[in-house]
Amino acid sequence: MKICTIRDLLDAKVICCEDGLSRHVYSACGSDMMSDVLAYVKDQAVLLTGLVNLQVVRTAEMMDMNCIVFVRSKMPTAEMVELARDCGIVMLATDKRMYEACGLLYSNGLVGNKVKSV
Amino acid sequence: MSEALKFHFTVDGEDFTSAGKASVQVKKNLRQLGLPPEIIRRVSIAMYEGEINMVIHAGGGEADVAVTEDCVEIFLHDSGPGIKDIDRAMQEGYSTASDSIRSLGFGAGMGLPNMKRYTDYMDIKSTVGKGTDITMKVML
């Protein structure tokens, strides 16, 4: 799914890296716990979260994720946006809640991914 | 590569927002060495979780990364409170982190399991009241 499709489905604002909107993502992960996100292996994925701190961007960077969607009208800080710009991570913000945002992406074909067992 | 390439980092335990900086630097260094992306991701995530743990639980510590011919080795050392029960700490979902740490998105009890998940070898030596040493290897 293209990131611009995610923007349209979630009626989201683009916060940074607009030039990455035509890139594809192949899976998604929704969580406010970053270690749960880190348990999940897949590049070119989108992270949906309601958490706002720098570690959200670092987590996405470690996972080679190329898009972060902030749900529940959360907005990233200027410092987070700057870090995302440096890493080329597209940031979107939507008024939708996590459940609805994940449901919309899933039902339109963006599925999750299995977690590798320890 | 006949000799190991080594990187050393001091992890600042005072500042949660700066946690992860060493892992970001390791990721950059490994990219410059031209290692495969999957290896780089596994090393960076394991080290990132270790770094976060040192900040959350131990007031910081030291991290050493060595790239040899056949593996990337990460050695983490802290002088924190130590881990009372390593078997329990390795269980997914078990955490001693405070609610304030959870509100920052960590302390879900996934840190050590994730470090094991992404590495080929992991050894924890911990003494209560003295600190913890963790060695991890990702084979090339």
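The chains referred to below are lettered A, B, ... by the order of the sequence lines, with proteins before strands, and numbering in each begins at 1. Remember, predicted model here, so these are calculated numbers, not experimental data.
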Exercise for the section: Start with the C-alpha gap between R58(A) and E61(A), add the side-chain angles, then the distance that decides, and say whether salt bridge (charged side-chain N to carboxylate O under 4.0 Å, His left out) holds. Expected result: CA-CA 5 Å; R58(A) 290 226 174 86; E61(A) 187 186 2; 5.4 Å; no

Practice task
Sort S31(A) into side chain, backbone, both or neither according to what part of it lies under 4.5 angstrom from a heavy atom of chain B.
Solution key: neither

Exercise for the section: Measure D32(A) against the heavy atoms of chain B and call it side chain, backbone, both or neither at under 4.5 Å. Expected result: backbone

Handout entry: Segment of F106(B) engaging chain A (4.5 angstrom heavy-atom cut-off)
Key = both

Handout entry: Ion pair E92(B)/R117(B), N-O distance below 4.0 Å
Key = yes

Practice task
Report the option among A19(B), S103(B), P37(B) that has the most heavy-atom pairs separated by less than 4.5 Å from atoms of chain A.
Solution key: A19(B)

Handout entry: Sub-4.5 Å side-chain heavy-atom contact between L9(A) and M1(A)
Key = yes

Problem - I52(B) portion near chain A, given a 4.5 angstrom heavy-atom threshold - result: side chain

Practice task
Look at the side-chain heavy atoms of Ile, Leu, Val, Met, Phe, Trp and Tyr, link any pair under 4.5 Å apart, and say whether L83(A) and F70(A) land in one connected group.
Solution key: yes

Problem - D8(A) and K2(A) ion-paired at < 4.0 Å - result: no

